[in-house]
Amino acid sequence: MKNSQIKKLIDTHDVISFDIFDTLLLRGVMQPEHVFNLIENMSGKHGFAQARLLAEHKFYDKYGTGKEANLDDIYLMIPDFEAEKEIELNLEYEGLVENPEIKALYDYAIKKNKRVIITSDMYLPKKFLEKVLKKNNISGYYKFYLSNDINHRKSKGDIYDFITQDIATSPKKFLHIGDNKQSDYEQATKHGWTAVLYNKPSQSFLKNDTKFFKFYSSNRSSLDASVITALISQHKGTNDYWYNFGYKYAGPIAYAYAMHIYKAAQNQELNKILFVARDGYLIEKVFNTLNKSNIKTDYVYAPRVLNYTANLDYDPTLPEQPKIICNYFGIDTKGISPQKYIEDNINTFRELAYEEKIKTGYDKYIKALVEDEKEIGIVDTISGQLSAQKLIEKTAGIKTTGFYVLTLPGREIVNKMSHIDFFTENLQKEFKNKRRPDIIELIFSAPENPIITMKDGKPVYQNVSNPAERKRHEIYRKIESGVLAFTKDIVSRFGNSIEFTQNTIFNLINVYLDYPNDSDIKAMYSALRSPYADNSLYVPILSAPYHFWQIKEMKELIWLSKWQKIWLTICQPILIKIRGLKSIKLIFFPTIKKSILKFDILNKYGIYIGDINE
């Protein structure tokens, strides 16, 4: 029922009754019992969640249903957890927020001079709930009927008769609004009231959002998935795709990574953390929102180009890197490979590197940031060479611990330097597939151009003429707004007590990548990235509006529009995979992303329609 229809019902009734939980007020979790899991995590008391879940049943088993249990009664059943009662009250007080949709109806009823009442089945104390209502600007109600205060319940139905008699008005003049079909709707109408069954935001959200329906459905037992889904379902987004992307996807990812850094830094007893530009721009802001330990932070410039040019610290096996050094110093290698040219003229390059180090003022710049710390943290995202950490450690002459979303294995430097990855080893290999790192790069960026080098301790920005970079800045500011809004919401409601597991974040990234809609694909047309340090080329991240003749480029995309899928299917109707006589596979329409037919013998000889790996 639309709000306009409910308002007409309000107009024709004298007494308007509102349920509290999942109606007037919203919790930051999908299921009430998830609050108990959170308390267990906060208190460290193993077994609390299960004990608290059963305590109310134990009370009724022992004393019968003649008395409605209140919070004190419940905690009498679990004396070993008495201290957790205060945590529960504090958590409920901070975590409960108004539901703007129902609050608008509440305010409308007040404005229309209706007698507004609150009707709730709940074990929490009445005075406590009155404080929560006041905190959320819910006032002016005529009476508050609470099950454990008056010993009547909506679920039994007797509370409706009790209220009817107490207010001395015909049942036909009452309108009740609540989310529980049995308690709020069926029992209310059974006792002569008019009732509106309200679909709480989380239900409507999951019904309309395929990706989050799949995310939450596969993670129902996960507390962090419960929190993520609840907050997103309650947040009023905007019409801007990138802000919503920032809140729904980048927000939980950035918060998870920042919390991971925060906990690890506490364990390492670090007093100072440097966040490397540009990847550390947003992480520092999120980190400082939840930083309760007064860990000092700074945003630091540590361009990998400077490591090449001022320290001649580069990988000679990667042709791009010696080429960057020669180009930076304006040297024409006259057809000789850049690496060979550097080897043949090493003394010249050492002199250039020394002059570069003096000119940049980098030593002074870093040492001013490090101050007198003996060990610091360095935050980056994805790295194979740990170039920023290496540059800062070498320049400052102190021990560093690097924090990364992940480091690329197989590089000698990765094994040498102290670092901590967010994604554990068992997830790293899979994470590197399907352009997941590109999503991380999009989330952890900054609305500023890349820097070429430093001069007198200040960054010298690259003059990027490519409009893709300007577009990226525009997109990023919107993503940043969404991320910071999510961070503000979770910290204001839970403090810094929530940690998201790597598996949950991995699953969140997967649902975004695996179930794109037209809006996702269209938005990603406009988000380009540069795979090169000199930003000489920009390429699509996940999707792009390629023309029909660009078949090769289309095949490289993760996301395809409807017409691109059709065109690729037409252009590649059949694929034959032959390995001598050992394996012969005939695949019709291999570009279809699901298996339609699979007939094979020992997975060696077969006929297939669609994705053979599905």
Side-chain angles (χ1 to χ4, degrees), residues 19-62 65 68-97 99 120-125 128-129 132 146-148 153-155 178-184 198-203 205-206 212-213 215-234 490 493-495 497-501 503-504 507:
D19 172 45
I20 294 182
F21 289 85
D22 294 323
T23 305
L24 262 178
L25 297 177
L26 301 172
R27 284 187 170 109
V29 290
M30 292 294 285
Q31 302 295 334
E33 59 268 22
H34 291 163
V35 172
F36 308 150
N37 298 106
L38 180 54
I39 295 168
E40 180 171 321
N41 289 353
M42 293 171 66
S43 67
K45 289 282 192 72
H46 181 70
F48 168 79
Q50 183 67 12
R52 175 64 182 82
L53 185 64
L54 298 175
E56 193 170 353
H57 300 291
K58 288 174 66 176
F59 174 85
Y60 288 120
D61 288 343
K62 184 173 182 178
T65 57
E68 290 297 314
N70 58 38
L71 194 65
D72 289 336
D73 295 328
I74 291 168
Y75 272 89
L76 283 175
M77 299 293 102
I78 46 174
D80 293 342
F81 298 105
E82 178 64 26
E84 277 60 53
K85 180 167 66 174
E86 196 61 32
I87 298 177
E88 181 171 347
L89 288 169
N90 289 337
L91 192 59
E92 294 280 25
Y93 183 81
E94 296 296 336
L96 285 163
V97 298
N99 179 356
S120 178
D121 286 351
M122 175 46 62
Y123 46 77
L124 291 171
F128 170 79
L129 288 173
V132 174
L146 184 65
S147 61
N148 77 71
R153 291 183 68 84
K154 290 185 294 180
S155 60
D179 72 292
N180 187 285
K181 184 177 180 181
Q182 192 267 335
S183 299
D184 291 309
Y198 172 68
N199 283 329
K200 55 187 176 183
S202 58
Q203 290 176 328
F205 173 69
L206 291 178
F212 265 89
F213 175 79
F215 171 70
Y216 183 64
S217 296
S218 62
N219 294 276
R220 284 184 180 274
S221 61
S222 165
L223 174 62
D224 41 358
S226 175
V227 170
I228 290 169
T229 308
L231 291 183
I232 291 167
S233 71
Q234 295 165 20
I490 191 169
R493 296 175 74 170
F494 298 103
S497 59
I498 298 284
E499 293 183 62
F500 297 155
T501 68
N503 281 328
T504 299
N507 290 337

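Between Glu68 and Arg153, at least one side-chain N (NZ, or NE/NH1/NH2) sits under 4.0 Å from a carboxylate O, which counts as a salt bridge. Look at Arg52 and Glu33 and you find no salt bridge, because none of the NZ, NE, NH1 or NH2 atoms lies under 4.0 Å from a carboxylate O.
When the shell of 6.0 Å around CZ of Phe213 is examined, it contains 12 or fewer heavy atoms from other residues, nucleotides or ligands.
Across every non-hydrogen atom of Ala51 and Ile78, the tightest pair is O-CG2, 3.7 Å. The two residues Thr504 and Asp224 come nearest to each other via the heavy atoms OG1-OD2, 3.1 Å. Nearest heavy atom pair, residue Met122 against residue Ser120, reads CB-OG, 3.5 Å. The two residues His34 and Met30 have their closest heavy-atom pair at ND1-N, 4.1 Å. Between Ser155 and Gln182 the shortest heavy-atom distance is O-NE2, 3.1 Å. Minimum heavy-atom separation, Val29 to Val227: CG1-CG2, 3.9 Å.
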Test Phe81 against Tyr75 for ring pair (Phe, Tyr, Trp, His ring centres under 6.0 Å), laying out the working first. CA-CA 7 Å; Phe81 298 105; Tyr75 272 89; 8.4 Å; no
Could you walk me through whether Lys85 and Asp72 pass the salt bridge (charged side-chain N to carboxylate O under 4.0 Å, His left out) check? CA-CA 8 Å; Lys85 180 167 66 174; Asp72 289 336; 2.7 Å; yes
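For the residue pair Tyr60 / Asp73, no side-chain donor-acceptor distance below 3.5 Å is found, with atom types taken as modelled. Between the side chains of Asn507 and Asn219, a donor-acceptor pair is found at a separation under 3.5 Å.
Glu88 has its side chain within reach of Leu71: a pair of non-hydrogen atoms, C-beta onward, lies under 4.5 Å apart.
The salt bridge (charged side-chain N to carboxylate O under 4.0 Å, His left out) test applied to Asp19 returns Lys154, not counting sequence neighbours. Checked against salt bridge (charged side-chain N to carboxylate O under 4.0 Å, His left out), Glu92 has the following partners two or more places apart in sequence or in another chain: Arg27.
The aromatic rings of Phe36 and Phe48 sit perpendicular, their planes meeting at an angle over 60°, well past the 30° parallel limit.
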